[in-house]
Amino acid sequence: MNVAVAKTGGSRAVSDLFASAEGRLPGSPDVIALRREAFETYERLGLPHRRIEEWKYTDLRALIGEVLPLAAAPDAAALKRAAEAVKAHAIAGARKLVLVDGVFAADLSDVSALASEVSLKTLQEVLANEANAAAGDLLQTTATDAVISLNAAMATDGVVVSVADGTQLSAPIHIIHVATATGASAFTRSHLRIGKNVRATVVESFVAAGKTGGYQINDALILWVGDDADVAHIRLMDDAPDAANITSQFVTVGANVKFNFFNMTTGAAVSRLQGFITLAGEGSELSVNGVNLLQKTEHGDTTLVVDHAVPNCVSRETFRAVIDDRAHSVFQGRIIVRPDAQKTDGKMMTRALLLSDEAEADNKPELEIFADDVSCGHGATAGALDESLLFYLKARGLPEKQAQALLIQAFVGEAIEQIADDGLREHVIGIAERWLERRQ
Amino acid sequence: MALLEVKDLKVRVEEREILHGLTLTVNEGEIHAIMGPNGSGKSTLSHVIAGKPGYEVTDGQILFKGEDLLEMSPDERAAKGVFLAFQYPVEIPGVTTMNFLRTALNAQRKARGESELMVPDFLKKVREVSKSLNIPQDMLKRGVNVGFSGGEKKRNEVLQMALFEPSLCILDEMDSGLDIDALRIAADGVNALHSPKRAMVVITHYQRLLNYIVPDIVHVMSKGRVVKSGGKELALELEASGYAQFEDAA
Ligand SMILES: Nc1ncnc2c1ncn2[C@@H]1O[C@H](COP(=O)(O)OP(=O)(O)OP(=O)(O)O)[C@@H](O)[C@H]1O
Ligand SMILES: [Mg+2]
């Protein structure tokens, strides 16, 4: 194998990626210049690989090899297929915002049913509006790595939502990403600005329409949570079993906020959720609960950076992985406590349940503490199902798989219980149960 | 009719033989008591009958209703009517007792080709049985045995027995850890289940339990064998003179 040739081939494919997509990418000339710059950054770095510390367990060069060409804008047939998927994954009472193959689908969304305090634009319309001075900002983020730069370069659409101060949203906002294009990639970037003293629930679902497979998702979410807000954010990644999903989230939390984030990974052959959460206002409580349910040869990576930038905040991260067959689960959790952030209380706990001898769990906790009056810690456990519990259940009539399923449900149940809303919790349990049924 | 026939059973655990040719026949409707010193193999016998992994049967056989029990998985045995009330019931956090009871009952019914029990019928039944056993309803909402006292765990075993209606109940030291009142309640629960079709095997160290659950036959186990069988007066005899005479016999 000639390495030099392979490299040239790779970079040419990448350049084609941008050149052939350019006509589809919204933005004024300034925005396009920004995109080009982002793309050059991506090209220079290439896909992350194991020698890059943050990606050492998730070598995208080995796992996905190359970035697939941009999915075509969905036609009528694609939207029809997407509509079915939306129906199957909808949550009763929630307001749907649907993105199909990276493009906002107004007809599948509940635009007119949104509360009047919620403003909705699409990323496409904001970027295309030359008069909008802030447009370029929507493609910027503080953390830069290759996949984030690629997202900035290639994002075709997304939702730009803001919720006015003081709003009590009774209906969850449900962003549904539907893939209908096999063998293509979709790039989305959404912005959510939650005002002060808002109560809101935001759910994100990633799903495939019917038998769509072999696609790649690169999503970015930028979320601001205003002072005194109480926000639940639930992300359910249930992409096709042979898809890839790389998601980057940037969350800035104000003062006296309650922010509960729950993520569950049940889909995709290769996935990474990287969350960068900054506690920027005092007196806030952050709760992060992650669940990875992996089987076959799936690779699921959850990487979280929680940055305590100010004093007097509490953060709790609980991560649970259920790993079957030859699957590989990765959890990287970094807690940063800035010099001023005294009285920080930050803890993380990871637990892995290994259902097969070949299942693999990697866990990398990091504490970077620059303040002296803090309480921070982390813990981890990994193990198989308890044989004595299994036998008790079997002796009461449960067949092996059902006994296992009950214990697995109990294991992830503690995380799912953190979801306060009954309907949402049932929805999440339903997805976990379907994952259990897929085990043979 | 013979419900359970254990014939010349030899069992090894980790290369060590624990049961050295044990024979025991239990007929429908009978109550048997098994007594014997610590380490004589009583729990081992009950585990092998229930199908616990880790035991190697090197010789002999176990027939249940004429079928080879050793060929069946533990869940198949349960569905056929074998029930072991454990000496040490485990705690299962995250699985509520209610959910566990319903899942187990329906799994057994499904294995027997019966329809699932409707939720209202199930709830009614659980309420009745738990009331008679003095089990508060909120205990059923907790994880299986989680935070239960020793006595509550044992009562939970009897509750399951009443719910699943097995034809063979093996009670392994049901009386250990129970105070006098709890013992009476649990024993009443067991007696209420006694029927001409159902047999009980009561493993105990104490004659006291047998005042409540009166056995037809008492067996003495020593060093992995049944060394003597007799009527209920044998239990009184043991209470008076201890096991020393049998240890020599074994
Ligand atoms: N898993 C095991 N590994 C090794 N030895 C075992 C195991 N289980 C049982 N034994 C041994 O087998 C013998 C019988 O144990 P068993 O628990 O059946 O006795 P028992 O009659 O129920 O005693 P007790 O009255 O104390 O409950 C003991 O010597 C015990 O140490
Ligand atoms: Mg014992």
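Within every chain, numbering begins at 1; the chains are lettered A, B, ... in the order of the sequence lines, protein sequences first and strands thereafter.
Under the 30°/60° scheme for interplanar angles, the aromatic rings of Tyr392(A) and Phe86(B) are found to be tilted.
Atom CZ of Arg316(A) has more than 12 neighbouring heavy atoms from other residues, nucleotides or ligands inside a 6.0 Å radius. Residue Lys80(B) qualifies as open at atom NZ: its count of foreign heavy atoms under 6.0 Å is 12 or below. The neighbour count for Asp68(B) CG, taken as heavy atoms of other residues, nucleotides or ligands under 6.0 Å away, is above 12.
Taking non-hydrogen atoms and a 4.5 Å limit, the residue list of residues 345-356 of chain A in contact with chain B is empty. Among residues 100-111 of chain B, the residues having any heavy atom closer than 4.5 Å to a heavy atom of chain A are, in sequence order, Phe100(B), Thr103(B), Ala104(B), Ala107(B), Gln108(B).
No part of Glu76(B) comes within reach of chain A, as not one of its non-hydrogen atoms sits under 4.5 angstrom from that chain. If you measure heavy-atom distances from Gln402(A) to chain B, the contacts under 4.5 Å come from the side chain alone.
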Check step by step if side-chain contact (heavy atoms from CB on, under 4.5 Å) holds for Leu406(A) and Asn99(B).
CA-CA 9 Å; Leu406(A) 202 59; Asn99(B) 181 23; 3.9 Å; yes
Show the numbers, then the answer: is there a side-chain contact (heavy atoms from CB on, under 4.5 Å) between Leu393(A) and Asp75(B)?
CA-CA 8 Å; Leu393(A) 295 174; Asp75(B) 51 302; over 6 Å; no
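Side-chain atoms of Val90(B) and Asp386(A), non-hydrogen and from C-beta on, never get closer than 4.5 Å to each other.
The two residues Gly397(A) and Ala78(B) have their closest heavy-atom pair at N-CB, 3.5 Å.
Between chain B and the options Gly413(A), Pro399(A), Ala403(A), heavy-atom pairs under 4.5 Å are most frequent for Pro399(A).
Ionic pairing of Glu157(B) and Arg396(A) is present here: one or more N-O contacts between side-chain nitrogen and carboxylate oxygen are shorter than 4.0 angstrom.
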